[in-house]
Chemist: 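Below is a structure I'd like to ask you about.
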Protein chains: 2
Amino acid sequence: MYKNQRNLMSEKVSSRKQQVRAEDVARHAGVSRVSVSRTFTPGASVSAATRAKVLKSAEILGYRVNRLASSLNRSESGIVALIAAEIDTPHRSAMIAELSDKLQAAGKVTMLINTSGYEERVKDALLQAISFRTEAAIILSGAPDPSLADTCFSNGMKLVLINREEDFPGSLQIGPDNRAAGKTALKALLRAGCKRIALANSANATWSILERQKGFVDAADEAGVEVLSEVGGLTSYQAGLELGTALLDREDRPDGIFCTTDLIACGVIDAARQRFGLRTPDDLSVIGFDDIAQAEWEGYDLTTFAQPTDQIIEKCLEWCTTEQPETETVKLPAKFVWRNSVQKARIPLK
Amino acid sequence: MYKNQRNLMSEKVSSRKQQVRAEDVARHAGVSRVSVSRTFTPGASVSAATRAKVLKSAEILGYRVNRLASSLNRSESGIVALIAAEIDTPHRSAMIAELSDKLQAAGKVTMLINTSGYEERVKDALLQAISFRTEAAIILSGAPDPSLADTCFSNGMKLVLINREEDFPGSLQIGPDNRAAGKTALKALLRAGCKRIALANSANATWSILERQKGFVDAADEAGVEVLSEVGGLTSYQAGLELGTALLDREDRPDGIFCTTDLIACGVIDAARQRFGLRTPDDLSVIGFDDIAQAEWEGYDLTTFAQPTDQIIEKCLEWCTTEQPETETVKLPAKFVWRNSVQKARIPLK
DNA sequence: CTGTTAGCGCGTTCAA
DNA sequence: TTGAACGCGCTAACAG
């Protein structure tokens, strides 16, 4: 007999993991198992008396609804996958902190999938999300394999790509307007009176970072300004140090540098200060991107662009809870944050 | 009739979310549903021929085993909960990055629960973990309600407390030996020839941070050294700025400061440099704790203690995969990382 | 408002 | 090796 196997076996002998079930609570409370279920289902009709009995018994037995089982039944897992690499990076971790917080507030549960390492992991991550019948997957880094689009869609899984534009039907693609920011950065350096303008970028820049670079370079072309371009290393503080050192070592030393990320900018500022004895903004103007916590630190006081994090997340959640959303691309303006790493002339740009 | 409802209803009319099931694959491959299940169960016996057919059909239909369902059946969810606050903080995010990476490598899935905000959320987080029949919960910040111990235990959920000692039966309590580190810090400052020694700590320090403080102060008492103690603010860079300013403003300005975290240390160093024109290590020796990425930045070059992260995580995973682990408390030595924020005398301490 | 019944998708027996 | 039957814990639908 299967039916009573569990109850017949001694607890210690059982190989199955024990847990308190609705049936246990029902027995304890002297009601039917369904009444227990109803007590924990918002909007279900149970009399106050039964409800009270159930709650009391549940409390005593330490009962919690098994969401694995209820998800299976209602085909709504309540889980949202966050797929990201380098999650210990300032901007990325801030994004994850905000996202997980807001997801919880919306009653969702977040499953974090770390894809640091090889690119292939993004595909695996997505497959894992599908396995868990995740309601949505929010991809913060890397590109998903388009061949998975159908599988996602046929499992009713929403997809959001942050900071990346990809041909992935049915997804929301959202991020800051990187090109516009690059353009603004150039204008700001020009207005600050910079004569020799440079760009510092990493060699393994992502799509969105390259967009910033393009915006900057294009604007320079339009303005007829030459850009000293230094590209190398990873997107990190260390790269910034090296890029800064290389730039400041030049005979035609730049006096205004746009760094595609704040981490790079911090490295550049430290290279200037520690290795060349130069100070921002007096000797050198520096602009970054992301507005990480360190940008505000007194040793950097970095003028930068704040990612429209709140708006991105708001739109994300709205989209994830929409029934059958259409493919959509959203570009939000990055806010220019004036601090004190750019020479005088604090003229607001537009 | 329930049985065929799903197939009878037009896909568009159905309110249930559609998904590819093992049964669909079985039909497509012309085998029984059980064969499909076996194909995806490691170690099950299926003939190569059936297996091939199943895999092909699964590929075509985009089938993925529903882990919600399989978890329910095998009562092993494969999910591990990570419960943490302030996950955008350097040390915390590094910890989460490492943990999630290693968990994945061990075949587990991580559920991230953000408890920033009010303390009560730790309890909710644990309840949520229980609901999802998480195999283990790793608590990185805050203290769980001991009343939940039974519920955790009766659901077979393992519990790990990192950096906190609490009366929570059945759990693993693990972290660095904070007292010993505090002691080492004092010795290092003395050997560096510091005459006026100070401590900078936040006003809302956690248990483990207070331990560092105690270790430092106790060692000072033993050595008969007076400690200028400045306590205030949150455990943050901003607090470090203020604490540093307060300390350096004193008439008996300290020449050696132990900061209970690296973030505070960075603030103190910036206060010294930006507000008083003092440099480390020439005018001031500073020691931190955590060895965050910024400690290595050239502008700080901070002497600090590295958390034994790898060992903590290793032990964590080992413990989580043990059948019925006993309550255990583990203290691991924090590694003293010499950089250049402490005056000369680089004498390794033991 | 309550209890009975059916089924969510899967893995695991048991008997062939 | 394969298929039939059962149950994991739960909720939705049905009937009273």
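Proteins get letters first, then strands, A, B, ... in listed order; numbering begins at 1 in each.
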Chemist: Please report, rounded to the nearest Å, how far the P atom of C/dC10 is from the CZ atom of A/Phe132.
Modeler: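 Result: 13 Å.
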Chemist: Grab the CG-C1' distance between A/Asp24 and D/dC8 for me, whole Å please.
Modeler: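 Computing the A/Asp24:CG to D/dC8:C1' distance gives 13 Å.
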Chemist: Measure across A/Ala85 and A/Asn114 and return the closest heavy-atom pair with its distance rounded to 0.1 Å.
Modeler: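 Closest approach of A/Ala85 to A/Asn114: CA-OD1, 4.4 Å.
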Chemist: Taking the nucleotide of DNA chain C with the closest heavy atom to each, which residue, B/Ala69 or B/Val34, is nearer the 5' end?
Modeler: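 It is B/Ala69, whose closest nucleotide lies nearer the 5' terminus.
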Chemist: Looking at B/Lys315 and B/Glu328, does any basic side-chain N land under 4.0 Å from a carboxylate oxygen?
Modeler: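 Here B/Lys315 pairs with B/Glu328 in a salt bridge, since their nearest N and O are under 4.0 Å apart.
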Chemist: Indicate, with a heavy-atom threshold strictly under 4.0 Å, whether B/Ser35 touches base, sugar-phosphate, or nothing.
Modeler: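 Result for B/Ser35 = sugar-phosphate.
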Chemist: B/Asn66 has an atom CG; how far is it from atom P of C/dG9, in whole Å?
Modeler: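 Checked: the CG to P distance equals 8 Å.
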Chemist: Between C1' on D/dC10 and CZ on A/Arg38, what's the gap in Å once rounded to a whole number?
Modeler: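 Roughly 13 Å, once rounded to whole Å.
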Chemist: Counting only side-chain nitrogens and oxygens, does A/Ser32 get under 4.0 Å of the OP1 or OP2 atom of C/dT2?
Modeler: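 No, no such contact exists.
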Chemist: Regarding B/Arg133 and A/Gln19, do their side chains bring together a donor and an acceptor under 3.5 Å, going by distance alone?
Modeler: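 Distance-only check passes for B/Arg133 and A/Gln19.
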Chemist: Starting from P on D/dC8, measure out to CD on B/Glu76 and report it in whole angstrom.
Modeler: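 Going from B/Glu76 (CD) to D/dC8 (P), I get 16 Å.
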Chemist: Do A/Phe132 and B/Ile79 touch side chain to side chain, with heavy atoms closer than 4.5 Å?
Modeler: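 Yes, side chains in contact.
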Chemist: What is the distance from CD of B/Glu23 to P of D/dG3, rounded to the nearest Å?
Modeler: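 To the nearest whole Å, that distance equals 14 Å.
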Chemist: Please report, rounded to the nearest Å, how far the P atom of C/dG9 is from the CG atom of B/Asn73.
Modeler: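 Spelled out: CG on B/Asn73 to P on C/dG9 is 14 Å.
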Chemist: Hey, does B/Leu148 have a side-chain heavy atom less than 4.5 Å from the side chain of B/Lys123?
Modeler: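 Yes, close enough: below the 4.5 Å cut-off.
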Chemist: How many Å lie between CG on B/Leu72 and P on C/dC10, as a whole number?
Modeler: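 Answer to the nearest Å: 12 Å.
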Chemist: Between B/Lys158 and B/Glu135, is there a salt bridge with N-O shorter than 4.0 Å?
Modeler: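 No, B/Glu135 and B/Lys158 are not salt-bridged.
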Chemist: Check DNA chain D against residues 39-56 of chain A and give the residues with a non-hydrogen atom under 4.0 Å, in numerical order.
Modeler: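 Close to the strand, none.
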Chemist: Whether the side chain of A/Arg33 and the base of D/dT11 hold a donor-acceptor pair under 3.5 Å is what I'd like checked.
Modeler: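 Yes, a donor-acceptor pair under 3.5 Å.
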Chemist: Using 4.0 Å as the upper bound for N to carboxylate O, is an ion pair formed by B/Arg121 and B/Asp124?
Modeler: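 Salt bridge: no.
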